[in-house]
Amino acid sequence: MSTIAILGCMWGDEAKAKIIDYLGDSADYVVRFQGGSNAGHTIVVDGRKYVFHTVPSGILYPKTKCLIGAGVVIDPKSLVEEIKELEDSGLDFAKRLVIDDRAGLVLPLHQELDRNNEELLASAKIGTTGRGIGPAYADLTSRVGIRLGDLAHPAYLRQRIKELYRFHGLHLASNELKEILDSLKASWQVLKKYCMPIEHILHEARLSGANILFEGAQGTLLDRIWGSYPYVTSSCTIADAIGIGSGFSARYLDEVLGIFKSYATRVGEGPFPTEIHGDLAEQIRQQGNEFGSTTGRPRRIGYFDAVLAAYSSRINALDGIAVTLLDVLSGIEELKICVGYEYKGKTLISPPSHPLELNKVTPQYISLPGWEDDISAIRSFAALPPTAKKYIDAIQDLLEVPVKVISVGKDRSQTFKV
Ligand code: IMO
Ligand code: MG
């Protein structure tokens, strides 16, 4: 048996789902433990593309049970749509999908608040996905949030919704209340069969020696506390969030696998020390199809930042690394990796915690030769061009964590172990 956490270690979009899918054929369980439909997890199988927002990526394997933990926030309407789309594509998961009844709900009110907050912040906006994630988590922390299990108790739910609007100082007309309740009732008709606590399921799975994968969403640098606050998401995304969000203590993990792209990207606002602009950024954006899978926004592009990556590695106690999208770097003559920051005449090897300072650091780079050849058909480390091997070795040496998996393309088949 093994319990492995698959975590994005930068600003999200590290191709976590691809690695979940790669390791998923032997997984008995795949578990989401935080985030919500802000995630956009893409898997390509035989040329067919699937994008998951809330449903765990393991759903494509016919025997894998997929659990959505208490730490996830669920937009009932969008989850019902996602479920219907997956059913329409021929997947059967009636007995394989379970959603913890403690999971919080994202309501249309939260999406409205998300938009309003962004307008209010104007010059300091976060650039959220607009999915209502921040306000939904905030309400849960304020103890006025609604949880999935509340949908089973209509009178209680009605009262809670009224109080939620009162809490926000908003008037709720009776026809509006009815509309909200009707919509939730319709979603509940679909969701109720999946709804039950998952903590004991995971407990028994562990005792029976099952293989369990935990699927992180977003990434360490978007963690609410350890990321580049305030330009972060509203959940904790690091390894220790697994216990909080699923009830399966992080102490039981056998392995934490950190996912990094071979370069860096970021969507939304916030510091990005190694960001690049111009032709090279555009080349990587096009080659890597760096457009958000949730919002379609063009992603910001940068060089691999080993300072932030090593920070991430420490926080998550990584046992191994997967480097994804290595093929995207083919044809770039000179590759750079940031190995330190210069700040106020000093060299920093760990990132400053304040965004104003992280914004002002000057990255110090090492330069490595690139490779010309298309590597997307390569299936072993040994067969990579020597300069690509050196690039991987450099990442491994700088992070002092072994690179265990490499991915060289979108398709399920384009991944190999090192
Ligand atoms: P996956 O799981 C990349 C970013 C948003 C914004 C910030 C806050 O696909 O890697 P939010 O809507 O969460 O309040 O937005 O976080 N963000 C992501 N960026 N990948 C994601 O998910 C993201 N989820 C949120 O762009 O900067
Ligand atoms: Mg994404």
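Keep in mind that what you see is a predicted model, and the values were worked out from it rather than measured. In listed order, ligands and their atoms are each counted from 1. Residues: numbered from 1 along the sequence shown.
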Could you tell me which atoms of ligand 1, counted from 1 in the order shown, lie closer than 4.0 angstrom to a heavy atom of A39? 1 (P), 2 (O), 9 (O), 22 (O)
Shortest non-hydrogen contact between E82 and T54, atoms and distance: OE1-N, 3.0 Å
When you look at CH2 of W226, are more than 12 heavy atoms from neighbouring residues, nucleotides or ligands closer to it than 6.0 Å? no
How far apart are the closest heavy atoms of T274 and A264, and which atoms are they? OG1-CB, 4.3 Å
Of the protein's non-hydrogen atoms, which lies at the shortest distance from atom 13 (O) of ligand 1, and what is that distance? T233 OG1, 2.6 Å
Identify, for atom 12 (O) of ligand 1, the protein heavy atom at the shortest distance, and state residue, atom and that distance. T129 OG1, 2.6 Å
In ligand 1, which numbered atoms sit nearer than 4.0 Å to a non-hydrogen atom of A217? 2 (O)
To check your reading of the model: name the closest protein heavy atom to atom 5 (C) of ligand 1, its residue, and the distance in Å. G127 O, 3.6 Å
Which atom names give the shortest non-hydrogen contact between R379 and S413, and what distance separates them? NE-O, 3.0 Å
Give yes or no for whether the N/O distance cutoff of 3.5 Å, strictly under, is met between D13 and ligand 1. yes
Under 4.0 Å from one or more heavy atoms of W11, ligand 1 contributes atoms 3 (C), 19 (N)
Below 30° counts as parallel, above 60° as perpendicular, anything between as tilted: where do the rings of F304 and F260 land? tilted
Which heavy-atom pair separates L358 from S228 by the least distance, and what is that distance? CD2-CB, 4.5 Å
For atom 15 (O) of ligand 1, the protein heavy atom that lies nearest, with its residue and separation: T128 CA, 3.3 Å
Is it true that the NZ or CZ of R224 lies under 6.0 Å from the centre of Y137's six-membered ring and within 45 degrees of the ring axis? no
Nearest non-hydrogen atom to atom 19 (N) of ligand 1 belongs to which of V267, V73, T294? V267
Which residue and heavy atom of the protein sit nearest atom 9 (O) of ligand 1, plus the separation: G40 N, 2.9 Å
Ligand 1-proximal atoms of Y231, by part, heavy-atom distance under 4.0 Å: neither
Would E118 and R115 count as a salt bridge (charged side-chain N to carboxylate O under 4.0 Å, His left out) here? Give the steps. CA-CA 5 Å; E118 288 284 85; R115 278 191 298 274; over 6 Å; no
Taking only heavy atoms of R297 into account, list the atoms of ligand 1 that are under 4.0 Å away from them. 5 (C), 26 (O)
Return yes when K16 approaches ligand 1 closer than 4.0 angstrom through a heavy atom, no otherwise. yes
Note the single closest protein heavy atom to atom 17 (N) of ligand 1, along with its residue, its atom name and the distance in Å. L222 CD1, 3.7 Å
Carefully, step by step, assess D75 and R131 under the rule salt bridge (charged side-chain N to carboxylate O under 4.0 Å, His left out). CA-CA 8 Å; D75 173 344; R131 297 296 172 108; over 6 Å; no
R266 near ligand 1 by a heavy-atom separation under 4.0 Å: no
Ligand 1 atoms in contact with I126 (distance to a heavy atom under 4.0 Å): 8 (C), 27 (O)
At what distance is the nearest protein heavy atom to atom 8 (C) of ligand 1, and which residue and atom is it? V232 O, 3.3 Å
Considering only non-hydrogen protein atoms, determine which one is nearest to atom 23 (C) of ligand 1 and report residue, atom name and distance to 0.1 Å. Q218 CG, 3.6 Å
So which heavy atom on A94 is nearest to which on Y194, and how close? O-CE2, 3.9 Å
State, to 0.1 Å, how close Y391 and S262 come at their nearest heavy-atom pair, and which atoms those are. OH-O, 2.6 Å
Would you say R131 and ligand 1 have an N/O pair spaced under 3.5 Å apart? no
Classify the ring geometry between Y252 and F248 as parallel (under 30°), tilted (30 to 60°) or perpendicular (over 60°). perpendicular
Of all the N, O or S atoms in D13, the one nearest to the Mg ion (ligand 2) is OD1
